[in-house]
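Hydrogens, waters and symmetry mates are skipped; everything else that's a heavy atom, side chains included, is used. Since we're looking at a predicted model, the values are computed, not measured.
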Amino acid sequence: MRLDKFLWSVRYYKTRSLAADAVKKNRVKVNGDVAKASRDIIPGDAIEVRKDQINLSFKVLQVPNNRIGAKLLTLHIVDTTPKEEYDVLELRKLSQDYYRERGEGRPTKKDRRDLDDYLEEGGEDTEGIIIKGEDLD
């Protein structure tokens, strides 16, 4: 089976074209060497994939005939990714949440409507606020 098709069939990429693009950008290594999308995969190959800013690695046990379900992955591959790689990914996610909480930033449609309702009711201090080019004074 081709490398790009294999990566798609074991659910490392959502589409085969995404898998082919990753191989083309040299993000996939087979047995330590950069490989092409057309390279044949055989049982026993060690594959390393650079995805989500970490290096995922696994060993091929069997080559599936088609795309397989997530529950059947353990029959076809063995994950050999070091635990430290997953820790780095978790740390990046936590650090991203530290700087910006979800929902902050640009107001949502609900926030805008709440603000409009507040201003229409004549909120506490509306003097000096310009709405749509008009002065409230």
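- Here R39 pairs with D45 in a salt bridge; the nearest charged N to carboxylate O distance falls below 4.0 Å.
- Note on L18 and L73: same hydrophobic cluster, where clusters join Ile, Leu, Val, Met, Phe, Trp and Tyr whose side-chain heavy atoms are under 4.5 Å apart, directly or indirectly.
- Note that the CD atom of Q53 and the CZ atom of R92 stand 4.5 Å from one another [nearest 0.5 Å].
- Here the side chains of N55 and V49 are not in contact, with every heavy-atom distance at 4.5 Å or above.
- In this structure, K25 does not pair ionically with D21, as no charged nitrogen and carboxylate oxygen lie closer than 4.0 Å.
- Summarising the geometry, atom CG belonging to D79 is positioned 11.5 Å from atom OG1 belonging to T74; distances are rounded to the nearest 0.5 Å.
- Taking the centre of each ring, F58 and Y12 come in below the 6.0 Å mark.
- In the hydrophobic clustering of this structure, Y86 groups with I77; members are Ile, Leu, Val, Met, Phe, Trp, Tyr whose side-chain heavy atoms approach within less than 4.5 Å, directly or through other members.
- Within the 4.5 Å cutoff, no side-chain heavy atoms of N66 are placed close to those of S9.
- Between I54 and L56, some side-chain heavy-atom pair lies under the 4.5 Å cut-off.
- Counting non-hydrogen atoms of neighbouring residues, nucleotides and ligands closer than 6.0 angstrom, the NZ atom of K59 reaches no more than 12 such neighbours.
- In this structure, CD on E48 lies 8.5 Å from OG1 on T80, to the nearest 0.5 angstrom.
- Of all the heavy atoms in R2 and A37, the pair that sits closest is CB-O, 3.6 Å.
- Nearest heavy-atom pair across P64 and V10 is CG-CG1, 4.3 Å.
- Side-chain contact between R67 and R16 is absent, with no heavy-atom pair separated by less than 4.5 Å.
- Across all their heavy atoms, D4 and A19 have their closest contact at O-CB, 3.5 Å.
- Residues R27 and K51 fail the side-chain proximity criterion, which asks for heavy atoms closer than 4.5 Å.
- Annotation: the span from N65 atom CG to H76 atom NE2 amounts to 8.0 Å, rounded to 0.5 Å.
- Here the side chains of L3 and W8 are not in contact, with every heavy-atom distance at 4.5 Å or above.
- In plain terms, the two heavy atoms of Q62 and F6 that are nearest each other are O-CE1, 4.2 Å.
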Run L91 and V88 through side chain to side chain contact (heavy atoms under 4.5 Å, CB included) and show every step you take. CA-CA 5 Å; L91 185 64; V88 168; 5.6 Å; no
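- Under the 4.5 Å side-chain criterion, counting only non-hydrogen atoms from C-beta, L7 is in contact with V28.
- Counting heavy atoms from C-beta outward, V60 and I47 have side chains that approach closer than 4.5 Å.
- The CD1 atom of I42 sits 14.0 Å away from atom CE of M1, with the distance rounded to the nearest 0.5 Å.
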